Asks: 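This structure is in structure tokens; I'll ask about it shortly.
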Amino acid sequence: MASETKSKPEGTAVDQLSVVLPAYNEEPNIERVVRAVVPYLESRGFDYELLVVNDGSADRTGAILDGLVAEFPRLRPQHHPRNRGYGAALRTGFDAAQKRFVFYMDGDGQFDIKDLDRLLPLATDEQSIVTGYRIERRDPFMRRLNAKLFGGFLVRIMLGVKVRDLNCAFKLIPKKVLDAITLESTGALINAELYGRAIRKGFGIKEIGVHHYPREAGVQTGAHLRVILRAFYDLARLRQKIVRD
């Protein structure tokens with residue numbers, strides 16, 4: 001596939017990149033997302049690998065990924081035999097990552113990989129997580145309300161994490177950060193844990209706005225009441241663990 005040739009921004013420390021895409025029942029979206037990500041990575045000249053984590057999907061997500069490997073040899077699908085949760089999918093991708101920087105975004109097509117160009121100039125060293133915040137969040141009301149209460153209020157008070165958009169799934173993380181901390185969350189709390197543990201290890205956070213788009217196909221799962229209640233319960237337990245550590 002033809003792609004625009006554009007070098008990496010001057011000053012960025014990112015030369016090697018592991019791209020992690022968690023995916024659960026994303027049959028309508030995952031091939032489109034992979035076909036957008038690969039040309040972008042090729043055009044920027046990264047030494048990269050693409051790790052799509054199929055989190056026990058009940059549809060054809062896994063089969064589609066396996067079928068794309070012959071066309072995209074740097075694609076390394078990771079398969080969970082059963083659904084283990086969003087945090088578990090990210091952890092699998094992080095553990096499999098072999099490059100100096102790790103970038104992740106969701107596999108549902110609500111972000112544009114080209115917005116990584118916004119993050120790269122801020123990645124000047126391996127001491128900070130660079131994260132996007134959604135300039136305009138294109139999600140249902142209940143999902144946005146939960147994010148405001150949970151990410152904007154409780155996490156700030158309980159973990160001391162002060163970011164504009166806690167769960168924005170568009171993050172560039174030095175592998176050095178991931179190697180220095182131990183993540184345990186299997187669900188929606190993974191971002192709060194990532195920030196909380198990284199801050200306590202002396203790492204920083206840099207933020208910049210990115211675009212967010214409505215989901216074109218498939219069903220969101222993060223706004224389910226069960227998921228939300230579990231996240232509140234797990235937050236209290238996480239605070240105890242981080243403070244103790």
Side-chain angles (χ1 to χ4, degrees), residues 1-9 12 14-55 57 59-80 86 89-123 129-132 134 138 167-175 178 191 208-218 220:
M1 178 183 294
S3 60
E4 173 191 9
T5 300
K6 183 177 180 181
S7 61
K8 299 184 290 292
T12 185
V14 182
D15 52 355
Q16 302 178 1
L17 192 62
S18 297
V19 175
V20 175
L21 305 178
Y24 175 60
N25 288 344
E26 294 293 353
E27 178 180 343
N29 300 309
I30 198 60
E31 182 170 353
R32 171 172 56 88
V33 172
V34 169
R35 290 190 179 279
V37 168
V38 171
Y40 168 85
L41 297 174
E42 293 282 350
S43 72
R44 297 311 185 265
F46 292 116
D47 172 14
Y48 77 91
E49 60 184 352
L50 178 56
L51 304 163
V52 185
V53 184
N54 167 35
D55 187 25
S57 298
D59 61 7
R60 296 187 60 254
T61 298
I64 291 170
L65 290 171
D66 288 341
L68 290 171
V69 171
E71 183 177 354
F72 302 116
R74 296 197 192 189
L75 170 62
R76 295 172 50 209
Q78 311 290 307
H79 298 287
H80 290 172
Y86 184 71
L90 283 180
R91 286 169 51 200
T92 291
F94 295 162
D95 289 345
Q98 300 177 358
K99 305 301 182 181
R100 199 157 68 96
F101 284 83
V102 178
F103 169 75
Y104 88 84
M105 72 175 191
D106 286 347
D108 58 10
Q110 288 195 259
F111 290 98
D112 184 347
I113 185 63
K114 293 179 182 177
D115 269 356
L116 182 53
D117 284 347
R118 293 171 172 255
L119 276 61
L120 289 172
L122 300 183
I129 297 170
V130 182
T131 181
R134 286 162 282 197
R138 307 297 296 272
N167 290 322
C168 180
F170 205 86
K171 292 179 173 61
L172 180 60
I173 310 165
K175 189 66 160 59
L178 297 172
N191 288 294
I208 191 165
V210 297
H211 298 100
H212 191 234
Y213 302 92
R215 174 182 271 271
E216 294 184 7
Q220 290 177 323

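The figures here come from the full heavy-atom set of this structure, side chains too, leaving out hydrogens, waters and symmetry mates. The structure displayed is predicted, hence computed values, not measured ones.
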Asks: Report the residues that fulfil side-chain contact (heavy atoms from CB on, under 4.5 Å) with His79, sequence neighbours left out, ordered by chain and then residue number.
Replies: Asn54, Asp66, Pro77
Asks: Provide the closest heavy-atom pair for Leu75 versus Leu65 in the form atom of the first, atom of the second, distance.
Replies: CD2-O, 3.7 Å
Asks: How long is the span from the CZ atom in Phe94 to the CG atom in Leu51, to the nearest 0.5 Å?
Replies: 10.5 Å
Asks: For a side-chain contact (heavy atoms from CB on, under 4.5 Å) check, start with the C-alpha distance between Leu172 and Leu17, then their side-chain angles and the critical distance, and finish with the verdict.
Replies: CA-CA 9 Å; Leu172 180 60; Leu17 192 62; 3.7 Å; yes
Asks: When you measure from the side chain of Gln78 to the backbone N and O of Val52, does any donor-acceptor pair fall under 3.5 Å?
Replies: no
Asks: Please report the interatomic distance CE(Met105) to CG(Leu119), rounded to the nearest 0.5 Å.
Replies: 12.0 Å
Asks: Closest approach of Pro22 and Leu90, non-hydrogen atoms and distance?
Replies: CG-CD2, 3.9 Å
Asks: Given Val38 and Tyr48, is the side-chain contact (heavy atoms from CB on, under 4.5 Å) satisfied, shown in steps?
Replies: CA-CA 10 Å; Val38 171; Tyr48 77 91; 3.6 Å; yes
Asks: Look up atom CG in Leu21 and atom CZ in Phe103, then write down how far apart they are to the nearest 0.5 Å.
Replies: 8.0 Å
Asks: Just by distance, do the side chain of Thr61 and the backbone of Glu26 share a donor-acceptor pair under 3.5 Å?
Replies: yes
Asks: Quick check: closest heavy atoms across Ile30 and Gly107, and the distance to 0.1 Å?
Replies: CD1-O, 3.9 Å
Asks: Quick check on side-chain contact (heavy atoms from CB on, under 4.5 Å): which of Val130, Val19, Ile173, Val14 does Phe101 satisfy it with?
Replies: Val14
Asks: Just verifying a value: how many Å separate Asp95 CG and Leu178 CG, rounded to the nearest 0.5 Å?
Replies: 8.5 Å
Asks: Compute the ring centroids of His211 and Phe111, then answer whether they are less than 6.0 Å apart.
Replies: no
Asks: Minimum heavy-atom separation for Phe170 and Leu116, please, with both atom names.
Replies: CZ-N, 3.5 Å
Asks: Could you tell me the separation between the CD atom of Gln98 and the CD atom of Gln16, rounded to the nearest 0.5 Å?
Replies: 10.0 Å
Asks: I need the minimum non-hydrogen distance between Thr12 and Leu120, along with the two atoms involved.
Replies: OG1-O, 2.9 Å
Asks: Do NZ/NE/NH1/NH2 and the carboxylate oxygens of Glu71 and Arg35 come within less than 4.0 Å?
Replies: yes
Asks: For Asp55 and Tyr86, work out which heavy atoms get closest and say how close.
Replies: OD2-N, 4.2 Å
Asks: Just verifying a value: how many Å separate Phe72 CZ and Leu41 CG, rounded to the nearest 0.5 Å?
Replies: 11.0 Å
Asks: Does a salt bridge link Arg100 with Asp47, judged by any charged N lying under 4.0 Å from a carboxylate O?
Replies: no
Asks: Give me the one residue out of Arg76, Lys99, Arg74 that meets side-chain hydrogen bond (donor to acceptor under 3.5 Å, both in side chains) with Glu49.
Replies: Arg76
Asks: Is the backbone N or O of Gly109 less than 3.5 Å from a side-chain atom of Asn29, with the two atoms forming a donor-acceptor pair by type?
Replies: no
Asks: Using a 4.5 Å cut-off on heavy atoms from C-beta on, say whether the side chain of Asp112 contacts that of Tyr40.
Replies: no
